[in-house]
Amino acid sequence: MINFEDIKPIIENASGTQIDLSKLDNKLTLTELGLDSLDTYTILIKIEETYKFKIPDEHVDELDNIHSLISYINEYKNI
Amino acid sequence: LERFGISENFVKDKIGFLKTLIKNPHEETSDLCVNAYKDLQHKINFSNDDIDCLVVCTQNPDDFGLPHTSAIVHGKLGLSQDCAAFDISLGCSGYVYSLSILMSFMTMNKLNNGILITADPYSKIVDETDKNTKLLFGDAATASFISTNKVTGSWNFGKFGFGSDGSLNKAIHVDKESRKLVMNGRSVFNFSATVIPEHITKTLRKNDLTIKEIDKFLLHQGSYYLVKTIQEKLNLPSEKCPFDAVNLGNTVSSSIPLLMNNLSPEDKQILLCGFGVGLSWGSCVLLRENEYGEE
């Protein structure tokens, strides 16, 4: 099972804007964390590369906070 | 920006275009082509009779594309009846493809001089209410002089590489009903951030060159964030990978030749890479011809 600590570096590295990780709250939406659509696309690519699966466009809207990202990865990951 | 719910920072730090060029509504694609041609003629001084071949790269031709825009440009410029003229229908990969097509055509048919014009005014198809495209695209036209003779200070061709992924043809397309541009931002971003860095690496390998040996990487100016993402993926020094379209917008097949206009004489070995609509991509290395006629 992957957890918050596993995807924290992905969020940190992918974010083009500076976000305060001390305030990272699983339930805040990615937008509320200061991430925009391009940051989100970057995070999704990194997740796809790291966990070896494809995230279809129709699932993207529901992946709008850290909690949903973690659950989704645990459901679909191939490693 | 308020209308689209987009912040100024997003425009500045991500999209990167503070201004996008829009042609006058009464101007046709062929008018932009004629202006680009005349501007080039003024700069490098050639006669219309010197031109054996005229190519226009566009997916937004005059009217409905029949006749081909290059024929209209040929007529407006009064070029010779011995001058071949044809269009190439490609988007952001168009400049690289067209260079190869035109040079091959001229070499095969023993022609001396050709003009490659890029002109793809997206203002004809952009939906004013669509935030995915309205803040991105700009209108522009460029003209390049292509010769099979060696010309001091010009560029010689290295090896080219091309690719396509037709399964993603809807990623950027014109909707049948509305006749407006539709873009899937995520598809285009994913493709640019994953396929393109690998493709550039392949083209470097094909040319037996390393990143260090290339003076400038002229990437299609899709957006600031796209260029920066590819640059970071390849670990390119930022000064080798210019983003210079802040006041232009994404000018489709014109973005690379516009960047070439800003090169310095010290830039002797460059890599061009265009990618987009299709999805389609192409890259090549160009080497500056020195004053002794050696590569």
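Predicted model only: the values in this text are computed from it and were never measured. Chain letters run A, B, ... following the sequence lines, proteins first and then strands; every chain starts at 1. All values below were derived from every heavy atom in this structure, side-chain atoms included, with hydrogens, water molecules and symmetry-related copies excluded.
- Residue pairs meeting the salt bridge (Lys or Arg N to Asp or Glu O under 4.0 Å) criterion with at least one partner in residues 235-245 of chain B, sequence neighbours excluded, do not occur; the list is empty.
- Between the side chains of A:S68 and A:N65, at least one donor N or O lies within less than 3.5 Å of an accepting N or O.
- With hydrogens and angles disregarded, no donor-acceptor distance shorter than 3.5 Å links the side chain of B:D267 to the backbone of B:L263.
- Of all heavy-atom pairs spanning A:E48 and A:I55, the tightest one is OE2-N, 2.8 Å.
- In the model, B:K12 has no side-chain atom that pairs as donor or acceptor with a side-chain atom of B:S7 under 3.5 Å.
- Residues of residues 193-204 of chain B lying under 4.5 angstrom from chain A, judged on non-hydrogen atoms, are B:A193, B:T194 by number.
- When all heavy atoms of B:P121 and B:T29 are compared, the pair lying nearest together is CG-OG1, 3.4 Å.
- What you find for B:G161 and B:K206 is that their closest heavy atoms are CA-NZ, 3.8 Å.
- The pair A:E49-A:K54 does not meet the salt-bridge criterion, since no charged nitrogen lies less than 4.0 angstrom from a carboxylate oxygen.
- Atom CZ of B:F191 sits in a crowded spot, with more than 12 heavy atoms from other residues, nucleotides or ligands closer than 6.0 Å.
- Below 30°, between 30° and 60°, or above 60°: for A:Y76 and A:H59 the angle between ring planes is between 30° and 60°, a tilted geometry.
- Among the residues in residues 169-189 of chain B, those with a non-hydrogen atom closer than 4.5 angstrom to a non-hydrogen atom of chain A are B:N184, B:G185, B:R186, B:S187, B:F189.
- For a residue to count as touching a neighbouring chain, one of its non-hydrogen atoms must lie under 4.5 Å from one of that chain's; by this rule A:I45 touches chain B with the side chain only.
- Along residues 88-98 of chain B, no residue comes nearer than 4.5 angstrom to chain A, judged on non-hydrogen atoms.
- By the 30° and 60° cut-offs, the orientation of the rings of B:F160 relative to B:F162 is parallel.
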Before giving the answer on salt bridge (charged side-chain N to carboxylate O under 4.0 Å, His left out), spell out for B:E8 and B:K14 the whole-Å C-alpha distance, their side-chain angles and the decisive distance to 0.1 Å. CA-CA 10 Å; B:E8 228 176 291; B:K14 296 295 175 63; over 6 Å; no
Would you please test B:N250 and B:H220 for side chain to side chain contact (heavy atoms under 4.5 Å, CB included) and show each step? CA-CA 8 Å; B:N250 173 346; B:H220 165 57; 3.0 Å; yes
